[in-house]
J.: 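One structure is given below, represented as structure tokens, and several questions about it will come after.
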Amino acid sequence: MAKANMSPVKVAMPEQPPLIRGRNFLEVATGYTPEQAMEEATRCLQCKNQPCVDGCPVNVPIPSFIAELAAGRFEEAYRLIKQENNLPAICGRVCPQENQCEGRCIRAKKGESVGIGRLERFAADYGMAQGLPEAEPLPANGKKVAVVGGGPAGLTCAGDLAKLGYEVTLFEALHALGGVLMYGIPEFRLPKGLVEEEIDKVVKLGVTIERNVVVGRSITVEELFEEGYGAVFVGSGAGLPRFMKIEGENYNGVYSANEFLTRVNLMRAYEFPKSPTPVRVGKRVAVVGGGNVAMDAARTALRLGAEEVTIVYRRGLDELPARREEIHHAQEEGIRFRLLSNPLRIKGENGWVTGMECIEMELGEPDASGRRSPVEKPDSLFELSLDTVIIAIGQGPNPLIRQTTPGLETHRWGGIVVEEATMRTSKSGVYAGGDVVTGAATVILAMGAGKKAAAAIHQSLSESI
Ligand code: FAD
Ligand code: SF4
């Protein structure tokens with residue numbers, strides 16, 4: 001092995017400058033060149049015990065694909081990644097690698113980890129640009145499996161089972177596949193053309209797609225079994241927005257982040273009037289919440305022409321749950337942060353929002369989760385003048401499937417209960433994974449769950465093949 005490059009920092013990722021990108025929907029990070037990818041790849045020490053792989057929910061053979069990149073064998077790197085990961089161009093862009101593979105990388109002990117996500121993105125983009133062939137699925141085994149939901153959990157489960165020769169039908173409520181990848185994460189972080197291309201490769205494995213089918217309404221889970229499906233995987237996500245339940249939430253100009261981002265991403269409101277779906281964004285916008293969804297909504301509002309966008313969050317900077325990279329990008333683009341602040345009431349005139357009354361908060365004693373709870377600071381009311389309010393304080397699972405599937409055990413908050421090793425639910429033949437099981441989480445955890453369920457379904461159904 002050639003001597004490793006011991007630079008303590010990653011090869012920098014080229015990016016659009018903040019003042020330019022804040023006014024367009026093009027991708028912020030523009031990706032490594034082949035030379036940059038090869039240079040970054042030489043930072044990997046090829047550790048024998050591979051701690052990075054233990055941190056990857058879909059077991060990508062990280063050191064092996066990085067070694068191929070370092071040697072300039074990009075095609076082989078792509079092939080190795082695709083053996084385990086059906087959606088690498090997506091993961092390379094949006095996975096919180098700092099908490100997964102890169103969080104375990106030995107190089108992070110002294111300096112920055114190897115840029116595993118950036119390298120995965122490079123290899124995936126290379127494979128797509130070159131139109132590299134995909135692995136052929138095994139011959140059909142005559143067994144039918146139904147997958148509910150076309151987000152990362154459902155797509156992964158469907159792709160893995162199709163590769164094994166199952167006849168998979170995926171039912172999606174919307175007209176487009178991808179779940180949050182299509183309707184939630186904005187174009188400037190995850191270009192939709194690329195998502196469609198990567199999903200298309202899963203579909204071409206032989207997965208039948210039924211769009212605009214709401215399972216629980218158009219057909220129930222029990223009826224799927226009557227139609228001859230041997231197993232059903234539920235990956236219906238957590239797309240039901242939560243509200244603050246304060247006065248004024250029904251004024252015009254108040255959106256849930258879910259509705260706002262769906263209109264902009266899936267219905268391409270940013271192309272209005274070319275697109276028929278407008279979004280009204282005023283000059284002054286507040287986004288309530290501190291997660292990835294809040295950062296995405298704030299940065300989208302800026303790109304739609306807002307002059308002043310403020311994140312209102314009830315805890316402090318250290319407690320913001322969004323990825324550090326997203327917070328950094330938002331700060332660079334000029335998003336304001338009104339931290340330790342909580343909305344009390346949305347104000348309006350003639351049916352339209354005009355402002356928000358808030359109160360300052362202080363951090364009190366840690367709660368059951370160990371996080372310090374925010375408490376109201378006496379005599380600290382203040383008001384923001386606003387034209388638009390976007391609420392991004394979390395989402396939960398839609399109740400439809402649990403209401404229409406007798407025997408399916410769920411938590412009090414609505415998530416489906418599963419056996420962790422197999423993603424089996426309390427109802428025989430039904431498996432579940434992704435946000436519908438964990439609550440709002442991450443793309444890679446949803447994919448890991450889809451993969452686990454596919455393996456368990458295969459084990460169960462192959463006994464009868
Ligand atoms: P989803 O992606 O929600 O997909 C579920 C699918 O099921 C949807 O297509 C839905 O239409 C369909 N469906 C629902 N009910 C039915 C039904 N009854 N019948 C048929 N179909 C149904 N994660 C990251 O890792 N990195 C990020 O940067 C990141 N950013 C995010 C930004 C935003 C704005 C949001 C909202 C989330 C973000 N996440 C991020 C979280 C991540 O996207 C989710 O954890 C992930 O998409 C969950 O995947 P899933 O397949 O479980 O559900
Ligand atoms: Fe390479 Fe880091 Fe994985 Fe070691 S832990 S093999 S240095 S990526």
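Counting starts at 1 for both ligands and their atoms, in listed order.
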J.: With atoms numbered from 1 as shown, which atoms in ligand 1 lie under 4.0 angstrom from a non-hydrogen atom of Ser236?
T.: 5 (C), 7 (O), 13 (N), 14 (C), 15 (N), 16 (C)
J.: Any ion pair linking Lys144 and Glu227 (charged N to carboxylate O, less than 4.0 Å)?
T.: no
J.: Short check: any N/O/S atom of Cys52 below 2.8 Å from atom 3 (Fe) of ligand 2?
T.: yes
J.: Do ligand 1 and Val443 have nitrogen or oxygen atoms that lie under 3.5 Å from each other?
T.: yes
J.: How far is atom 21 (N) of ligand 1 from the closest protein heavy atom, and which atom is that?
T.: Ala173 N, 3.1 Å
J.: Could you tell me whether Cys44 approaches ligand 2 through its side chain, its backbone, both or neither, with non-hydrogen atoms closer than 4.0 Å?
T.: both
J.: Just which atoms of ligand 1 are under 4.0 Å from any heavy atom in Val213?
T.: 19 (N), 20 (C)
J.: Run the side-chain hydrogen bond (donor to acceptor under 3.5 Å, both in side chains) test on Asn59 and Lys451 for me, step by step, so that the C-alpha distance in whole Å, both residues' side-chain angles and the decisive distance to 0.1 Å come before the verdict.
T.: CA-CA 10 Å; Asn59 296 318; Lys451 216 173 170 52; over 6 Å; no
J.: May I ask you to list the atoms of ligand 1 that are less than 4.0 angstrom from any heavy atom of Ile401?
T.: 18 (N)
J.: Please report the shortest heavy-atom distance between Leu69 and Ala77, naming the atom on each side.
T.: CD2-CB, 3.6 Å
J.: Does Arg263 pair with Glu259 as a salt bridge, N-O distance under 4.0 Å?
T.: yes
J.: Is the shortest N/O to N/O distance between Val214 and ligand 1 below 3.5 Å?
T.: no
J.: Would you check whether Val94 has a nitrogen or oxygen atom less than 3.5 angstrom from a nitrogen or oxygen atom of ligand 1?
T.: yes
J.: Quick check on ring-ring contact (aromatic ring centres under 6.0 Å, His included): which of Phe65, Tyr78, Tyr32, Phe74 does Phe122 satisfy it with?
T.: Phe74
J.: Would you check, one step at a time, whether the test side-chain hydrogen bond (donor to acceptor under 3.5 Å, both in side chains) holds for His329 with Glu333?
T.: CA-CA 6 Å; His329 278 147; Glu333 290 167 13; 5.8 Å; no
J.: Taking Arg118 first and then Glu40, would you say they form a salt bridge - that is, a charged N and a carboxylate O separated by under 4.0 Å?
T.: no
J.: List every atom of ligand 1 that sits less than 4.0 Å from any heavy atom of Ala153, numbering the atoms from 1 in the order shown and giving each element.
T.: 51 (O), 52 (O)
J.: Starting from atom 11 (O) of ligand 1, find the nearest protein heavy-atom neighbour and note its residue, name and distance.
T.: Glu172 OE2, 2.7 Å
J.: At a 4.0 Å threshold, what atoms of ligand 1 neighbour a non-hydrogen atom of Gly179?
T.: 2 (O), 4 (O), 8 (C), 9 (O)
J.: Given Arg189, Gln97, Arg323, Gln100, which has its nearest heavy atom closest to atom 28 (O) of ligand 1?
T.: Arg189
J.: State whether the side chain of Lys110 and the backbone N or O of Pro8 hold a donor-acceptor pair below 3.5 Å, judged by distance alone.
T.: no
J.: Please list, in number order, the atoms of ligand 1 under 4.0 Å from a heavy atom of Ala446.
T.: 48 (C), 49 (O), 52 (O)
J.: Out of Ala441, Gly450, Pro96, who is nearest to atom 39 (N) of ligand 1 when you count heavy atoms only?
T.: Ala441
J.: In terms of the angle between their ring planes, are Phe260 and Tyr255 parallel, tilted or perpendicular, with boundaries placed at 30° and 60°?
T.: tilted
J.: Is atom 4 (Fe) of ligand 2 less than 2.8 Å from at least one N/O/S atom of Cys47?
T.: yes
J.: Looking only at protein heavy atoms, which one is nearest to atom 33 (C) of ligand 1, and how far off is it?
T.: Val293 CG2, 3.6 Å
J.: In terms of residue, atom name and distance, what is the protein heavy atom nearest to atom 32 (C) of ligand 1?
T.: Asp296 OD2, 3.1 Å
J.: Quick one: which of Arg189, Arg121, Arg21 gives a salt bridge (Lys or Arg N to Asp or Glu O under 4.0 Å) with Glu27?
T.: Arg121
J.: Measure the distance from atom 7 (O) of ligand 1 to every protein heavy atom, then report the residue, atom name and distance (to 0.1 Å) of the closest one.
T.: Gly149 CA, 3.2 Å
J.: Looking at Val53 and Ile62, what are the two nearest heavy atoms and their distance?
T.: CG2-N, 3.8 Å
J.: Any nitrogen or oxygen of Leu400, main chain or side chain, under 3.5 Å from a nitrogen or oxygen of ligand 1?
T.: no
J.: Which residue owns the protein heavy atom closest to atom 4 (O) of ligand 1, what's the atom, and how far is it?
T.: Gly151 CA, 3.4 Å
J.: Return a yes/no value for Asp435: is any of its N or O atoms, backbone included, closer than 3.5 angstrom to an N or O of ligand 1?
T.: yes
J.: So for Val148, does at least one of its heavy atoms come nearer than 4.0 angstrom to any atom of ligand 1?
T.: yes
J.: Where on Leu261 is there a heavy atom closer than 4.0 Å to ligand 1, on the side chain, on the backbone, on both, or on neither?
T.: side chain
J.: Give the minimum heavy-atom separation between Arg93 and Pro191, together with the two atoms involved.
T.: NE-CD, 4.1 Å
J.: Using a strict cut-off of less than 4.0 Å between a Lys/Arg side-chain nitrogen and an Asp/Glu carboxylate oxygen, indicate whether Glu198 and Lys201 qualify as a salt bridge.
T.: no
J.: Does Gly235 reach ligand 1, in the sense of a heavy atom lying below 4.0 Å from it?
T.: yes
J.: Looking only at distances, please establish whether an N/O atom of ligand 1 is found under 3.5 Å from an N/O atom of Val215.
T.: yes
J.: Cationic tip of Arg303 within the cone over Phe188's six-membered ring, i.e. under 6.0 Å and within 45° of the normal?
T.: yes
J.: What's the separation between atom NZ in Lys10 and atom CD in Glu39, rounded to the nearest 0.5 Å?
T.: 14.5 Å
J.: Closest non-hydrogen protein atom to atom 53 (O) of ligand 1, residue and atom name please, with distance?
T.: Gly237 CA, 3.4 Å
J.: Show, in sequence, the C-alpha distance, side-chain angles and deciding distance for Gln16 and Asn24, and conclude whether the side-chain hydrogen bond (donor to acceptor under 3.5 Å, both in side chains) test is met.
T.: CA-CA 10 Å; Gln16 281 195 71; Asn24 69 52; 2.8 Å; yes
J.: Under 4.0 Å between a Lys/Arg side-chain N and an Asp/Glu carboxylate O for Arg299 and Glu326?
T.: yes
J.: Could you list which atoms of ligand 1 come closer than 4.0 Å to a heavy atom of Gly434?
T.: 52 (O)
J.: Below 4.0 Å from ligand 1: does a non-hydrogen atom of Leu181 turn up there or not?
T.: no
J.: Among all the protein's non-hydrogen atoms, which is closest to atom 2 (Fe) of ligand 2, and how far away is it?
T.: Cys105 SG, 2.4 Å
J.: Using a strict cut-off of 4.0 Å, indicate which atoms of ligand 1 neighbour a heavy atom of Leu174.
T.: 11 (O)
J.: Under 4.0 Å, heavy-atom basis, I'd like to know which part of Asn258 is in contact with ligand 1: side chain, backbone, both or neither.
T.: neither
J.: Does atom CD of Glu75 have more than 12 heavy-atom neighbours from other groups under 6.0 Å away?
T.: no
J.: Within the 4.0 Å heavy-atom shell around Pro63, which atoms of ligand 2 are there?
T.: 6 (S)
J.: How far is atom 37 (C) of ligand 1 from the closest protein heavy atom, and which atom is that?
T.: Val180 CG1, 3.3 Å
J.: Is the closest N or O pair between Ile185 and ligand 1 shorter than 3.5 Å?
T.: no
J.: Consider every N or O of Pro152 and every N or O of ligand 1, then say whether any pair is closer than 3.5 Å.
T.: yes
